[in-house]
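Following: one structure in structure tokens, then a few remarks.
Computed from heavy atoms alone, side chains included, the values below leave out hydrogens, waters and symmetry copies.
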Amino acid sequence: MASGRYISYLRVSSQKQGDSGLGLEAQRHAVAGYLNGGKWDLAKEFVEVESGARAACKTLRSSLAS
């Protein structure tokens, strides 16, 4: 069971996926499952909607700097 403070980084590769929320919701569910209801605080969620093939991943860099 996880404990502590965490950030999450969620990414979908197209605006259509981002608009639908389906990919993001599945990722949120996976994060919650990993943390498993422990004593944790999700300090911040970072979301990026951009193709990984051409993205500079600004949001990922920002999340790692947090």
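At a threshold of 4.5 Å between non-hydrogen side-chain atoms, the residues Arg11 and Val47 do not count as touching. Side chains of Val31 and Glu45 form no contact here, defined as non-hydrogen atoms less than 4.5 Å apart. Residues Phe46 and Leu10 form no side-chain contact, since every pair of their non-hydrogen atoms from C-beta on lies 4.5 Å or further apart. By the 4.5 Å heavy-atom criterion applied to side chains, Trp40 and Arg5 are not counted as neighbours.
Asp41 CG to Tyr6 OH: the interatomic distance, rounded to the nearest 0.5 Å, is 11.0 Å.
Contact between Ile7 and Ala43 at its shortest, heavy atoms only, is CG2-CB, 4.5 Å.
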